[in-house]
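In what follows, a structure is listed as structure tokens, so that the remarks can point back to it.
Just so we're clear, the structure is a prediction, and the values are computed from it rather than from any experiment. Per chain, numbering begins at 1; letters A, B, ... match sequence-line order.
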Amino acid sequence: MGKYLPTEPYRGTRDFLPEEISVRQQVFHRLYEVIEVFGYQRYDGPILEPTDIYEAKSSREIVEQQLYTLTDRGGRRLALRPEMTPSVARMIAGNLGRLTFPVRWYSHPNCFRYERPQRGRLREHWQINVDLFGSPSSAVEIEFIELIHAMMAALGATPDMYVLRMSDRVLLNAIFTEILRIPADQTRPVAGLLDRWEKYPEDKLRADAAEIGLTDVQFTRLGEVVQAGEAIVAELSDEARAGSKLVEVMNTPAHDLIKVDPLIVRGFDYYTSTVFEVFDASPDNRRSLFGGGRYDNLVGLYSSQPVAGFGFGMGDVTLMDFLTTHGLLPEPANKVDAVVIPTAEALFEPARTAAAELRAAGVRTTTPLESAKLGKEIGRADKAGARVVVIIGEQDYAEGMATVRDLLTGDQERVPLDEVTNAVKKTL
RNA sequence: GUGGGUGUAGCUCAGUCGGUAGAGCACCUGGUUGUGGUCCAGGGGGCCGCGGGUUCAAGUCCCGUCACUCACCCCA
């Protein structure tokens with residue numbers, strides 16, 4: 001061990017310095033605005049939840065290997081939330097009586113997963129969650145398709161930068177049982193194989209398929225399914241198609257906004273129908289940007305009353321990678337507009353008075369805390385991002401005047417003290 | 001969990017054959033008694049990730065370990 005404590009944040013977590021916060025705030029506020037324009041309201045919840053709520057319906061991988069768990073003093077098993085969906089389902093179920101459906105909610109929690117950090121994946125990430133509860137209609141799917149494109153547009157993304165790929169667990173199950181003739185209780189490893197399909201060469205896929213018990217014929221058919229893409233839907237039974245929200249969507253204009261793709265699976269067990277993922281079109285970011293789907297049974301864990309749900313989570317790590325790759329990150333904003341600089345100790349009080357007046361007018365204003373040379377203070381003001389400095393000098397002040405200097409142009413003018421605020425506002 | 005790459009100043013990095021550390025940028029001071037950016041001069045900053053080994057001598061070689069990072073596994 002060294003002599004000093006380490007200054008790095010805990011592995012897989014990040015410190016956000018003001019400049020980064022500024023960039024992030026701009027990005028997220030654009031998203032909040034779009035989400036709210038669609039009529040969604042923000043909620044929040046605890047970072048700790050009972051472990052049970054993840055064991056029931058998340059995925060084995062998350063619960064067994066990626067959950068941050070702890071036991072409280074009363075022996076209760078708790079976890080740092082790895083995702084928000086079980087929490088929001090719990091909140092919906094607990095407030096059924098006072099909610100008017102459909103409920104449109106969003107949140108922006110930090111979520112934790114114990115895993116090895118790599119590109120696009122850390123141990124703590126901030127995930128925007130948008131959910132709609134209380135409707136089985138495929139109008140929900142269409143609303144989310146529109147919302148997603150609106151959010152991407154708000155970030156400055158053009159449609160060529162990303163792809164919205166959509167599938168449906170109902171159709172997927174039909175593919176497994178009707179085309180591949182796999183018993184319904186053995187589809188899970190095959191879904192996993194589909195999930196990996198694009199990442200592996202064919203011989204590796206073939207080997208994996210053999211390992212999970214697929215015959216050569218089944219493997220070949222699976223390849224045909226992937227090849228067929230959207231066209232596979234037409235080959236499924238009428239019952240399967242009738243039970244699919246995605247098929248309904250395909251009969252509307254929203255069809256043009258998505259790519260129907262049987263490769264989209266998603267890991268969570270709670271999805272019951274539509275599933276989707278948004279992918280970066282750039283090869284630099286092969287990972288999916290974000291995704292979600294329909295989960296019509298999740299509220300049923302907490303209540304006898306069934307409530308249909310649809311939602312998605314958009315993590316900040318992949319999102320920032322996307323924005324960086326496409327040059328869409330905004331510049332950090334300035335922290336301050338004006339600095340009022342007294343040139344002598346005795347002038348600190350009048351400087352504070354002038355600053356107070358500027359602040360009252362909404363101008364972000366600071367004053368020096370210690371007496372220093374004027375040049376020094378102007379330099380500091382410039383670095384802090386101020387556009388204007390107001391110099392309260394002895395000579396000027398004695399005459400009831402102050403100097404207002406524009407740091408961008410270098411122009412400056414002497415104005416009466418009671419005109420300072422107007423002069424500054426004119427420059428900004 | 002597996003494999004590769006990298007750990008030297010706040011940041012980016014150089015450091016030859018082993019001879020007890022350097023540059024640029026940033027920061028501070030002065031050149032200017034009330035005027036920033038440019039320029040000039042000076043200055044502060046280093047358990048060379050950590051521990052051990054070899055050696056007269058280790059930033060440099062060897063072993064271990066930790067961290068960062070990329071990929072894999074797996075999956076948001």
Side-chain angles (χ1 to χ4, degrees), chain A residues 1-4 6-14 17 54 58-67 81-85 111-129 189 191-196 199-200 204 208 264-271 275-279 284-293 312-319 321 339 341-344 347 371-398 401-414:
Chain A
M1 281 300 286
K3 187 158 135 194
Y4 303 107
T7 56
E8 293 78 33
Y10 167 66
R11 180 170 204 196
T13 66
R14 292 159 292 166
L17 273 50
Y54 306 112
S58 290
S59 79
R60 250 184 322 187
E61 169 80 11
I62 284 178
V63 174
E64 287 171 9
Q65 293 176 38
Q66 300 194 344
L67 216 53
R81 60 186 170 206
E83 53 153 339
M84 199 58 174
T85 308
C111 298
F112 297 82
R113 292 188 189 186
Y114 192 83
E115 61 185 334
R116 197 146 169 176
Q118 56 188 285
R119 182 173 178 86
R121 280 184 99 169
L122 300 174
R123 288 183 171 179
E124 180 191 25
H125 71 136
W126 292 81
Q127 189 184 55
I128 292 185
N129 278 259
L193 188 65
L194 218 42
D195 203 27
R196 299 193 289 269
K199 300 177 76 175
Y200 286 169
K204 168 77 170 144
D208 283 6
I264 299 303
V265 175
R266 292 188 67 72
F268 290 137
D269 292 345
Y270 49 63
Y271 292 116
V275 284
F276 73 88
E277 294 191 28
V278 174
F279 280 79
D284 290 351
N285 296 312
R286 287 175 58 218
R287 195 177 294 283
S288 88
L289 273 176
F290 61 96
F312 68 89
M314 176 192 246
D316 69 317
V317 183
T318 45
L319 180 63
D321 284 345
V339 178
I341 306 171
T343 60
L347 297 170
S371 194
K373 297 175 99 170
L374 180 60
K376 177 104 221 126
E377 289 303 343
I378 293 176
R380 278 188 188 151
D382 190 35
K383 269 172 201 150
R387 173 70 192 268
V388 184
V389 291
V390 178
I391 300 161
I392 310 286
E394 290 174 288
Q395 187 71 38
D396 284 351
Y397 185 68
M401 306 289 279
T403 299
V404 175
R405 180 176 176 87
D406 182 336
L407 293 185
L408 191 65
T409 62
D411 297 340
Q412 66 181 42
E413 58 173 333
R414 278 182 93 222

Worksheet item: For A:Y397, does the OH atom have more than 12 heavy-atom neighbours from other residues, nucleotides or ligands under 6.0 Å away?
Response: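 Not more than 12 within 6.0 Å, no.
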Discussion item. I'd like to know if A:E115 pairs up with A:R123 as an ion pair, taking the criterion as any Lys NZ or Arg NE/NH1/NH2 lying under 4.0 Å from an Asp or Glu carboxylate oxygen.
Written reply: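 Salt bridge flag = no for A:R123 with A:E115.
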Spacing of [X] atom [atom1] relative to [N] atom [atom2], expressed in whole Å:
X: A:L194; N: B:C74; atom1: CG; atom2: C1'; answer: 16 Å
X: A:E394; N: B:U35; atom1: CD; atom2: P; answer: 13 Å
X: A:K373; N: B:U35; atom1: NZ; atom2: P; answer: 9 Å
X: A:L122; N: B:C70; atom1: CG; atom2: C1'; answer: 13 Å
X: A:E115; N: B:C72; atom1: CD; atom2: C1'; answer: 14 Å
X: A:R113; N: B:C75; atom1: CZ; atom2: P; answer: 11 Å
X: A:Q118; N: B:C74; atom1: CD; atom2: C1'; answer: 9 Å

Practice prompt. Taking only the side-chain heavy atoms of A:R119 (C-beta and beyond), determine which of B:C75, B:C70, B:G36 contains the nearest atom.
Written response: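 Nucleotide nearest to A:R119's side chain: B:C70.
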Discussion item. Between the base of B:U35 and the side chain of A:Q412, is one N or O donor paired with an acceptor at under 3.5 angstrom?
Written reply: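 Indeed there is one.
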Practice prompt. Could you tell me whether A:Q395 contacts a base, only the sugar-phosphate backbone, or nothing, with contacts defined as non-hydrogen atoms closer than 4.0 Å?
Written response: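 Base, at least one base atom sits under 4.0 Å.
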